[in-house]
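I have placed the structure first, in the form of structure tokens, so that the comments after it can refer back to it.
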Amino acid sequence: MREAISMLRLERRARVMIGMVGQSALGTGAAYVALLLVAYDRWRSPWAISLILLAEFVPSMVLGPLFGASADRWSRRRLVVGADVLRAVSFVGVALVGSFEATLILAVLAGAGTALFRPSMMAAIPSMVAPERLAATTSTYGAVTDVGFTLGPAVAAALLAVISPGSLLVANGATFLISAAVLSRLSFGPAPAREGGHPRESLFAEAKEGIRAVAGMRPIAVLISLTAGAMLSGGIFNVIELPFALSELDAGDSGYAALVAIYGLGFFAGSLGGAGGGLAARLRLGFVQGLFVTGLGGLITAVAPGVTVALLSFALAGFGNGLFVTYGRLLIQTEVPSPLQGRTFGLADTLTSWAMAVALLSGGLLTSMLETRQLVAITGLWEITLGLGAALVLRAYWPGRATKPERAPEGGGKPLSLATSRGRADLVLQSNLRQEPAHVISGSALWLCLLDDLDKSSYDGGVELRSGVP
């Protein structure tokens, strides 16, 4: 928490950005309830709810690599602002149209705006703050976003007593317009550019190039796959948590709301837990710990006799979720070259969106086959299994003691420990070379050298390559 407060005090651009993201996230959390109400009113079918929920993920599932390539090709500020404008138009449009078909199309457009916003913003954050405050910025961004989504439904419950769902959708559109207007005046750093002045390929070619490059960075590919696996488990838990709370815990509506709220508070605390940052080994440990803690929370929930114990286990699971999400983002931001970060985050969004879609579609089927307590236990065991896999695999790529760096002076200046920033002039690429002699890290003119004479069996360090990056 101290690192986050210091960052907000010292980094004006990050302070403004997080404020805008927070208010639009709160509006979206409230509009989520209104959107479901409007959709169900226009088509009285359970499929109305399912299709609207899937609309958030479909754009990332199909276009995530292209959105990521856009973030590595054009001005990230313009993309973020354009994404906010698209979401504003979509939510206002839903309030104005009358058919379910138009509502679904506009919901997909809103999902496209979110799918474009995420990789563009995550790739832009390293260029907006000092390297020693990158971790605090990323963790605070995640915490504020989740708080908005968690508190939004409570805000909707209060506002819907006096205004219509359509009016709430228009209000949410206004939050995105405000965000677009303010963020358009912030400096996001220069647009990504190729080294050497080589002409760019097509957007599709750069998207394919990004997929190949990310697949070549084995620790990052493993990290993204583990995150998608965790989201699959989390999505199934989201489907079954309501029937579990009502039937197994006898929680009632208020008890279920309390469980959701405490999970959100746990996520908030877990997100801020990554504000201290650290070297790759420390970030790797935080990611692994997050998976284990999430799984432990799931297992305790599965045997919880009532709401009291479940409140504690939900808070624990939320805390672990916040940890592994934040530390996973930080590993991408610090270990992936800046010209490739947009595509990396875009590909991660694609895989996690597919995982969430599969979870939403299969959750109901699984609930009809197994008891909810059994399913909750399975999701907990799955998270722990992923944590064990992460502990065994990722240590081979990011070895070393998982210690936190010394704190940098609060007034700015040179940090007291290594903090890599891919958005700065000097690019530091670290690659553990235990497994292979060399491989292409990025098609954006960033390559690892051949080190055939290196004794790979005893090497336990990293190679640093420095090159100017615009």
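These figures come from a predicted structure and were not determined experimentally. The chain is numbered in sequence order, starting from 1.
- For the atom pair Leu168 CG and Leu160 CG, the distance stands at 5.5 Å (nearest 0.5 Å).
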| request: Report the C-alpha separation of Met217 and Glu335 in whole Å, then their side-chain angles, then the decisive distance to 0.1 Å, and conclude whether the side chain to side chain contact (heavy atoms under 4.5 Å, CB included) test is met. | output: CA-CA 10 Å; Met217 291 187 290; Glu335 298 302 306; over 6 Å; no
| message | Working note: Leu26 + Thr175, criterion side chain to side chain contact (heavy atoms under 4.5 Å, CB included); need CA distance, chi angles, decisive distance, verdict. | response | CA-CA 9 Å; Leu26 183 64; Thr175 67; over 6 Å; no
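- Considering all non-hydrogen atoms of both residues, Leu272 and Ala4 come closest at CD2-CB, 4.1 Å.
- What you find for Ile332 and Leu223 is that their closest heavy atoms are CG1-CD2, 3.9 Å.
- Sorted by first and then second residue, the ring-ring contact (aromatic ring centres under 6.0 Å, His included) pairs involving residues 209-247 (not counting sequence neighbours) are Phe237-Phe314.
- Remark: Asp349 pairs with Arg118 by the side chain to side chain donor-acceptor pair (under 3.5 Å) rule, at least two apart or across chains.
- At a cut-off of 3.5 Å, with distance as the only test, no side-chain donor of Asn172 or Tyr32 sits close to an acceptor on the other residue.
- Heavy atoms only, all atoms of each residue included: Ala390 and Phe287 are closest at CB-CE2, 4.2 Å.
- A side chain to side chain donor-acceptor pair (under 3.5 Å) with Tyr263 is found for exactly one of Asn238, Asn321, Asp146, namely Asn321.
- Taking each heavy atom of Thr103 and Val94 in turn, the nearest pair found is CG2-CG1, 4.0 Å.
- Ser362 places a side-chain N or O within donor-acceptor distance of the main-chain N or O of Val358, the cut-off being under 3.5 Å.
- For Glu3 and Arg133, the salt-bridge test fails: no basic side-chain N is under 4.0 Å from an acidic carboxylate O.
- When all heavy atoms of Ala310 and Leu249 are compared, the closest pair comes out as CB-CD1, 3.6 Å.
- Side chains of Glu56 and Thr114: a donor-acceptor N/O pair is absent below 3.5 angstrom, by distance only.
- Arg87 places no side-chain N or O within 3.5 Å of a backbone atom of Ala112 that could act as its donor or acceptor partner.
- Applying the side chain to side chain contact (heavy atoms under 4.5 Å, CB included) rule to Thr385 yields no partners; only residues at least two apart in sequence or on another chain are considered.
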| Can Phe319 and Phe267 be said to form a side chain to side chain contact (heavy atoms under 4.5 Å, CB included), step by step? | CA-CA 5 Å; Phe319 182 81; Phe267 189 96; over 6 Å; no
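- No hydrogens or angles considered: a donor-acceptor pair under 3.5 Å links the side chains of Glu383 and Ser233.
- Taking every heavy atom of both residues into account, Ala14 and Thr137 meet most closely at CB-CG2, 3.9 Å.
- Enclosure of atom CD in Gln374 by more than 12 non-hydrogen atoms of other residues, nucleotides or ligands within 6.0 angstrom is indicated.
- Here the straight-line distance linking atom CG of Leu331 with atom OG1 of Thr138 works out to 11.0 Å at 0.5 Å rounding.
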| task | I would like to know whether Leu312 and Leu316 meet side chain to side chain contact (heavy atoms under 4.5 Å, CB included); could you show each step before the answer? | result | CA-CA 6 Å; Leu312 297 176; Leu316 187 65; over 6 Å; no
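- Met7 has its side chain within reach of Ile18: a pair of non-hydrogen atoms, C-beta onward, lies under 4.5 Å apart.
- Judged by distance alone, with hydrogens and angles left aside, the side-chain atoms of Ser127 form a donor-acceptor pair with the main-chain N or O of Ala124 at under 3.5 Å.
- In summary, the side chains of Ser179 and Asp84 do present a donor paired with an acceptor at a separation below 3.5 Å, with no hydrogens or angles considered.
- Side chains of Ser313 and Thr301: a donor on one and an acceptor on the other come within 3.5 Å.
- Taking CE of Met17 as the reference point, atom CE of Met128 lies at 5.0 Å (rounded to 0.5 Å).
- Atom CH2 of Trp43 has more than 12 neighbouring heavy atoms from other residues, nucleotides or ligands inside a 6.0 Å radius.
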